[in-house]
Amino acid sequence: MNRFAYHRAADRREASAAAAEPGAAFIAGGTNLVDLMKENVARPSRLVDITRLPLRGVEELDGGGLRLGALATNAAVAADPRVVARYPLLARAILSGASPQLRNMATTGGNLLQRTRCYYFYDTAAPCNKREPGSGCPAKDGLNRIHAILGASEHCIATHPSDMCVALAALDAVVRVEGPGGDRAIAFGDLHRLPGDEPQRDTTLRAGELIVAVDLPPEGFARHSAYLKVRDRASYAFALVSVAAALAIEGGTVREARIALGGVAHKPWRDREAEAKLAGRAPGLDAFREAAEAVVRGAKGYRYNDFKIELARRAVVRALAMAAAGGVAS
Amino acid sequence: MSGAKAQVGRATSRVDGRAKVTGAAKYAADVGAPGLLYGWVISSAVARGRVASIDATEALAVAGVVQVFTHQNRPHLAWFDRSYRDDDSPAGSPFRPLYDDRVHSSGQPVALVVADTLEAARYAASLVRVAYEAEPHSTDLRAARGEARPPSKLTGGREPPPEPRGDPDGALARAAVRVDAEYHAPAEHHNPLEPHATTAVWEDDGTLTVYDKTQGVLNSLGYIKKVFGLDDAQVRVRSPFVGGAFGSGLRPQYQLFLAVMAARELGRPVRVALTRQQMFTFGHRPETLQRVALGARADGTLEALAHEATAATSRSEEYVESVVPWSGVLYQCDNAKFSHDLVKLDLFTPLDMRAPGAAWGVYALECAIDELAHACGVDPLALRLKNYAERDQNKDLPFSSKELRACYRLGAEAFGWSKRPTAPRSMREGERLVGWGVATGAWEAQQMPASARAALSADGALIVSSATADFGTGTYTVMAQIAADELGLPLEHVTFKLGDSSLPQAPLSGGSWTVSSVGSAVKAACAKVRDRLVRLARLAKGSPLEGARGEDVVLAEGRLCLSSDPSRSLSIGEAMRLGGELRLEETVISAPDLPRQSRYSRSTHSAVFAEVKVDEDLGTIEVARVVSAVAAGRVINPKTARSQILGGVVWGIGMVLEEESLLDHNLGRFMNHNLAEYHVPVNADVHKIDVLFVEESDDVVNPLGAKGLGEIGLVGVAAAVANAVFHATGRRVRKLPITLDDLL
């Protein structure tokens, strides 16, 4: 672990300014960053502590949405009665991740900024383009059972580890940020990026930009949604494949469908083309299979993760069936 | 002494439980000392080659950093292999930390940064620049299996595979039904909750006390004495509490060397604690390939058996475990052959891990037996009973006791085995296929020489001691129970001391032999004290028991009384006062009765039944319930005994479904070196577990009749679950762990 300066931010503007300096990083719950610092993977020269900022609330938005403060803990969001009633998909996704202890510390904003669990990223004895750009990607020819099958590049095949983000992607959440360059709202699908030739960049955030809230739109798909997480043990494991499925069903027909996957790509993987296969159709296995086929149309395995392509197919079908049936936790 | 008040056989909570949950128990890295220095280990990034250079300039400039030790500036120390050998060394050359510039395995320590705070040491370690000249390495067992060779004759005390008998090849060729399969088991790391740590502290008299995480303080002591040229008067090793070990504490680990070296060089107390990541840089259960070939008559009568193992070891030591002999104690078969070959790889030497050898070997054997049952169309339990071994065929000896039949019967009843449909894929629950599997477990019942001291004071307090270990196994509790019964004392009057090299000699704690060995010594030492006490009471003038015969005196509740007339009694204190003794102390060396024991095969046995539910689409496996029926002699403490078996079953669930140390062969390095990516079972993976004990009366194994429970709970679980997965899905997965991708 390196030495670093510590700064407790008094307000958002000051926090942004402090974090805009090269080498600085925000810290809130620290559930991921501190681990990375212990391993010398993250070496911030300055930590800007934002935990005293008034960003813990969950508030109603005009028009029926809900605003999750960036510092609202994962545990608080998952237990919030409004979230449970109107966005059960989100609550289930959060509760399928980590452990109660971690969820008590981890924040909404921090969850968005989790870094990959790729073995090579986590071990400074190994090359890794995400950690040391240009050093190489041993995962491509190495231990890649947990790696991406969609949207990967020759430089990086890591996956995004969050469950919560998969639900937020499906729900079309909006990320509110404030920064030295001004405030902006980022569509959830535009926050995280694919690795391309800059795998060191997980998101499109600019220097000093502080996530202050995540807005949930009014439509929460409360009647027909499901979060299915497939993993190597029943709890406290990252997803091999996870699926957030949500359906708006009217008169026996799907008016709108949402499908997002975790564990398969460098970002929460939303597939609008697959969703379109369901619109206007009766919910049923044939339609679900078509959608699932569409999801994996461009999938590529790297040997040990080849199975994820078939697993993703089946998981999408299962999650859609669960959603159509009313949804159960997984 | 009335039976109702006996401590042995009574379910008793751990006597050290409160100290552990309140934090009063101090582990090796909890010990402090004025002026304590902290060591931080720098681990090799390459698997093979040499350290070309180490630049510690920046690190040494960090405030608080005292020294950076490397092979270049380490003190002059012992160099012969024999100085580095320990009580659990296999044949070969042990690893010598910081000995020279050679790198033998990825993660090997190449430097130790010592500073006056942990933070300074850790930060400075990040500034040390180590350059390597890497050489081509080989870590892939399958790729290198062509290099497999039998180990040399010097196997470090391990028994070689059994001799062949009959005509195995001919019998296999002629058999009506044949199973010939290969099973793969990965490397696994022990991962006790407490990482390895050593704190070396200077006493006022100039001697060194070393607090070490170990399963044998005397093993650590012997190592330190030889490597650093010290004698018994100069160093003492203590290890009163150990947070799990599972075999990882059987050999002195490199942090012991580093802490003692630094303390001696710097003349200050030093602590070296390993990180979780560094827990993947030394001994492990070795990756192993096994061929099991079985030949049988159409009715399932076993006629031929071959069990052949190919296992990984390091380049410098030949680690051999007993993978292949287990059929000899389980199944009657006149034609059999065995082999165990080694492949030398650029890895750290493997190390005994809970049920070493049996964990892998019984898994493969019991899966093959299940395959044979299926091929013959015979119920797997019926096939096992049909081929039940009445004698140990490897040794051609009768069993001292073997209640395995009762384990099968009682386990099957508790599980409901008779309702099992024979055909796979016969049971379903919604989207999940349900399967039932059975397997057998076996382990050795061994006794080692051990000694113990018992000291009774006039207030009726008994202190019993032995240099043994309690690494969560319940030694403190069980020894106190044994001692209390011998002197008719309430449990709370007994204090058991362990984990101190100044105490009477005890063997390394492993192999399920601690109760058998140390318990026998405790019993004998207390019996001698008891005899002296009774003698005092009988011979003293004015004693209520004056003139009584020794065999007529009983001890209970801290008093001695005449069995025929309990009104004639006196307290322990009165007896000692009358006899003019302030303290009665006896030290006893208890050795196994080898001539008698050599006439028997001595084993523990178990029958394990498992139910799995497999999601047909997603491949996820749930172990819905397990019944483990165990025959291991006499049960001293049903509560800690049950905990041992429960822990073994949970471990078995991890072994069959989750545990695997992932090696990147390009880097020659274990990569999933943390507990987020190295999976062991969590609560949500563990469902109903029933533990049954079938008590055996066995005075051959040791005077207590207790065979030991540390390993048997694990053995057989993986095979029972794997066989249940087959029964559920019709798919044979011949590798561990079985993961969902194997079933898609």
Side-chain angles (χ1 to χ4, degrees), chain A residues 1-4 32 35 37-40 43 96 98-99 102 117-127 136 138-146 161 228-238 240-241 243 304-319 321-322 330, chain B residues 40 43-47 62 106-107 118-120 122-127 130 132 275-277 431 615-623 653-654 657-658 660 662-667 669-687 737 739-744:
Chain A
M1 184 185 276
N2 64 312
R3 292 195 162 169
F4 55 86
N32 189 205
D35 267 3
M37 290 171 66
K38 284 182 180 174
E39 295 300 310
N40 281 321
R43 285 174 241 188
S96 74
S99 65
L102 285 165
R117 299 301 308 191
C118 172
Y119 314 119
Y120 304 95
F121 175 71
Y122 251 83
D123 187 338
T124 54
K140 279 190 301 175
D141 302 312
L143 300 167
N144 51 39
R145 182 170 173 271
I146 63 173
L228 173 66
K229 182 172 182 179
V230 187
R231 48 184 152 177
D232 279 323
R233 62 182 169 191
S235 181
Y236 198 56
F238 292 91
L240 291 167
V241 170
V243 181
Y304 296 111
N305 68 349
D306 290 348
F307 77 96
K308 280 191 178 184
I309 299 172
E310 179 59 23
L311 182 63
R313 264 192 202 103
R314 297 182 186 190
V316 167
V317 172
R318 174 72 64 83
M322 287 162 61
S330 182
Chain B
W40 192 268
S43 309
S44 171
V46 303
V62 172
S106 189
L118 179 72
E119 291 75 14
R122 182 168 63 182
Y123 168 55
S126 74
L127 303 176
V130 184
Y132 302 93
T275 64
R276 179 59 59 188
Q277 286 71 15
E431 282 143 344
D615 190 302
E616 195 175 7
D617 292 332
L618 305 177
T620 46
I621 303 166
E622 175 186 303
V623 180
I653 292 170
L657 300 181
E658 297 174 5
E660 178 175 18
L662 294 168
L663 257 173
D664 180 298
H665 297 304
N666 296 320
L667 299 171
R669 185 172 174 90
F670 290 111
M671 293 306 300
N672 56 336
H673 39 49
N674 65 68
L675 293 180
E677 269 72 37
Y678 183 95
H679 288 169
V680 297
V682 294
N683 281 319
D685 295 317
V686 179
H687 299 275
T739 50
L740 61 91
D741 36 326
D742 295 316
L743 299 174
L744 288 180

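Below, all heavy atoms of this structure are taken into account, side chains as well, without hydrogens, waters or symmetry copies. By convention in this document, chain letters (A, B, ...) are assigned in the order of the sequence lines, proteins followed by strands, and residues within each chain are numbered from 1.
For a residue to count as touching a neighbouring chain, one of its non-hydrogen atoms must lie under 4.5 Å from one of that chain's; by this rule B:Val680 touches chain A with backbone and side chain alike. Using a 4.5 Å cut-off between heavy atoms, B:Leu667 touches chain A through its side chain atoms alone. Neither the backbone nor the side chain of B:Glu622 comes within less than 4.5 Å of any heavy atom of chain A. Residue B:Asp685 touches chain A through both its backbone and its side chain, counting heavy-atom pairs closer than 4.5 Å. For chain A, the nearby part of B:Glu616 is the backbone; its heavy atoms alone come within less than 4.5 Å. With a 4.5 angstrom heavy-atom cutoff, A:Arg145 touches chain B only via side-chain atoms. The contact between A:Tyr120 and chain B is made by backbone and side chain atoms together, counting heavy-atom distances below 4.5 Å. Heavy atoms closer than 4.5 Å to chain A are found nowhere in B:Asn683, neither backbone nor side chain. Using a 4.5 Å cut-off between heavy atoms, B:Leu675 contacts chain A through its backbone alone, with no side-chain atom that close. At a 4.5 Å heavy-atom cutoff, the contact between B:Leu663 and chain A is made by backbone atoms alone. Both the backbone and the side chain of A:Asp141 come within less than 4.5 Å of a heavy atom of chain B.
Highest contact tally toward chain B, considering only A:Pro127, A:Ser235, A:Ala315, is held by A:Ser235 [criterion: heavy-atom pairs under 4.5 Å]. Interface check for chain A: of the options B:Asn666, B:Thr620, B:Leu618, the most heavy-atom pairs under 4.5 Å are formed by B:Leu618. Across A:Ala237, A:Ala125, A:Pro138, the residue that shares the most heavy-atom pairs under 4.5 angstrom with chain B is A:Ala125.
To the nearest 0.5 angstrom, A:Lys38 atom NZ is 7.0 Å from B:Arg122 atom CZ. Considering CZ of B:Phe670 and CG of A:Leu143, their distance stands at 11.0 Å, rounded to 0.5 Å. Put simply, CD on B:Glu677 and CD1 on A:Ile146 are 5.5 Å apart, with the number rounded to the nearest 0.5 Å.
Neither side chain, B:Asp664 nor A:Tyr119, offers a donor N or O lying under 3.5 Å from an acceptor on the other.
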Show your reasoning for whether side chain to side chain contact (heavy atoms under 4.5 Å, CB included) applies to B:Asp741 and A:Tyr304. CA-CA 9 Å; B:Asp741 36 326; A:Tyr304 296 111; over 6 Å; no

Where do A:Tyr122 and B:His673 land on the side chain to side chain contact (heavy atoms under 4.5 Å, CB included) test, with the steps shown first? CA-CA 9 Å; A:Tyr122 251 83; B:His673 39 49; 5.5 Å; no

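Considering all non-hydrogen atoms of both residues, A:Asn2 and B:Tyr123 come closest at CA-CD1, 3.6 Å.
The only option from A:Arg314, A:Arg318, A:Arg313 that meets the side-chain hydrogen bond (donor to acceptor under 3.5 Å, both in side chains) definition with B:Asp617 turns out to be A:Arg318.
Of the possible polar contacts, none joining the A:Asn40 side chain to the B:Ser126 backbone as a donor-acceptor pair under 3.5 Å is found.
A:Arg233 is linked by a side chain to side chain donor-acceptor pair (under 3.5 Å) to nothing, counting only residues two or more places apart in sequence or in another chain.
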